[in-house]
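Residue numbering restarts at 1 for every chain, and letters A, B, ... go by the order of the sequence lines.
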Protein chains: 2
Amino acid sequence: MTTKQKISARLRFSKNLREARLRREWSQEDLAEESGLHRTYVGSVERGERNISIDNMECLANAVGVELIDLLK
Amino acid sequence: MTTKQKISARLRFSKNLREARLRREWSQEDLAEESGLHRTYVGSVERGERNISIDNMECLANAVGVELIDLLK
DNA sequence: GTGTGACTTCTAGTCCGTA
DNA sequence: ATACGGACTAGAAGTCACA
């Protein structure tokens with residue numbers, strides 16, 4: 001089976017999330033509190049290390065006040 | 001824990017995925033083979049039952065020939 | 001304030017079957 | 001062709017101590 005697993009979406013998401021957070025001048029800790037997720041988890045997501053699920057993507061998008069779609073561009 | 005978990009993105013994705021698949025006149029089995037995921041899993045994703053990860057979202061979007069963003073509208 | 005490794009818990013994801 | 005169930009394995013979720 002040719003599982004040509006791509007992770008470009010993951011990297012785009014992580015990059016855009018960090019940018020959106022910095023635009024708000026929030027620390028990772030701020031975003032963690034706002035989203036209800038853990039500080040170190042948010043950090044690892046921003047570094048593109050985590051294969052995040054759609055529910056948590058939506059959760060972070062809501063927290064940072066950006067449409068989920070825009071975090072994937 | 002006030003995890004006001006939203007799952008609207010998940011439901012949009014599942015609906016759009018099914019529509020995109022049917023537009024191609026593919027069975028779930030076809031999509032499963034094309035994406036490298038399991039047949040029963042694709043079915044449960046289309047039913048909105050699964051909290052799918054971003055890598056597999058991208059994988060399915062590629063398989064069905066649609067931009068990931070468009071599956072979230 | 002952020003990065004990292006290690007860790008446990010929980011669910012994503014597979015595979016078998018039946019309807 | 002699809003839904004659904006049970007049992008299983010891989011891997012995401014979530015936390016922590018320390019740098």
Taking side-chain hydrogen bond (donor to acceptor under 3.5 Å, both in side chains) as the test, write out the residues that go with A:Arg12, two or more places apart.
none
In this structure, how many angstroms lie between the P atom of C:dA12 and the CD1 atom of A:Ile52, rounded?
13 Å
Any salt bridge (Lys or Arg N to Asp or Glu O under 4.0 Å) involving residues 57-68 of chain A? Give me the pairs, sequence neighbours left out, ordered by first then second residue.
none
Counterpart residues, side chain to side chain contact (heavy atoms under 4.5 Å, CB included), relative to B:Thr40 (two or more places apart)
B:His38
Can you name the side chain to side chain contact (heavy atoms under 4.5 Å, CB included) partners of A:Arg24, sequence neighbours left out?
A:Trp26
Would you mind telling me which residue lines up with the more 5' stretch of DNA chain D, B:Ser53 or B:Glu46, judged by nearest nucleotide?
B:Glu46
How far does CG of A:Leu60 sit from CZ of A:Phe13, to the nearest 0.5 angstrom?
5.0 Å
Without decimals, in angstroms, what is the distance between B:Glu49 CD and D:dT2 P?
15 Å
Checking A:Glu29 now: which residues fulfil salt bridge (Lys or Arg N to Asp or Glu O under 4.0 Å) with it, not counting sequence neighbours?
none
Short of 4.0 Å, heavy atom to strand atom, which residues of residues 18-30 of chain A count as contacting DNA chain D?
none
For A:Ser44, which of A:Gln28, A:Glu49, A:Arg39, A:Arg50 qualifies under side chain to side chain donor-acceptor pair (under 3.5 Å)?
A:Arg50
Under 3.5 Å, which protein N or O atoms sit close to an N or O of nucleotides 16-19 of chain D? Give each pair with its distance.
{"unit_1": "D:dC16", "atom_1": "N4", "unit_2": "A:Thr40", "atom_2": "OG1", "d": "3.1"}

Sequence neighbours excluded, the answer for side chain to side chain contact (heavy atoms under 4.5 Å, CB included) partners of B:Ala63 is B:Leu31, B:Glu34, B:Ser35
Would you say the base of D:dA3 and the side-chain of B:Arg47 have a donor-acceptor pair closer than 3.5 Å?
no
CG of A:Leu37 versus P of D:dA13: gap in Å, rounded?
9 Å
Could you state the CG-P distance from A:Asn56 to D:dG11, rounded to the nearest angstrom?
19 Å
Once you round it to whole Å, what is the distance between P of C:dA12 and CG of B:Leu60?
15 Å
B:Leu22: side chain to side chain contact (heavy atoms under 4.5 Å, CB included) partners, not counting sequence neighbours
B:Arg18
For C:dT11, does either OP1 or OP2 sit under 4.0 Å from a side-chain N or O belonging to B:Asn51?
no
At less than 3.5 Å, do the side-chain atoms of A:Arg50 and the base atoms of D:dG14 form a donor-acceptor pair?
yes
Spacing of B:Ile54 atom CD1 relative to C:dA12 atom C1', expressed in whole Å
15 Å
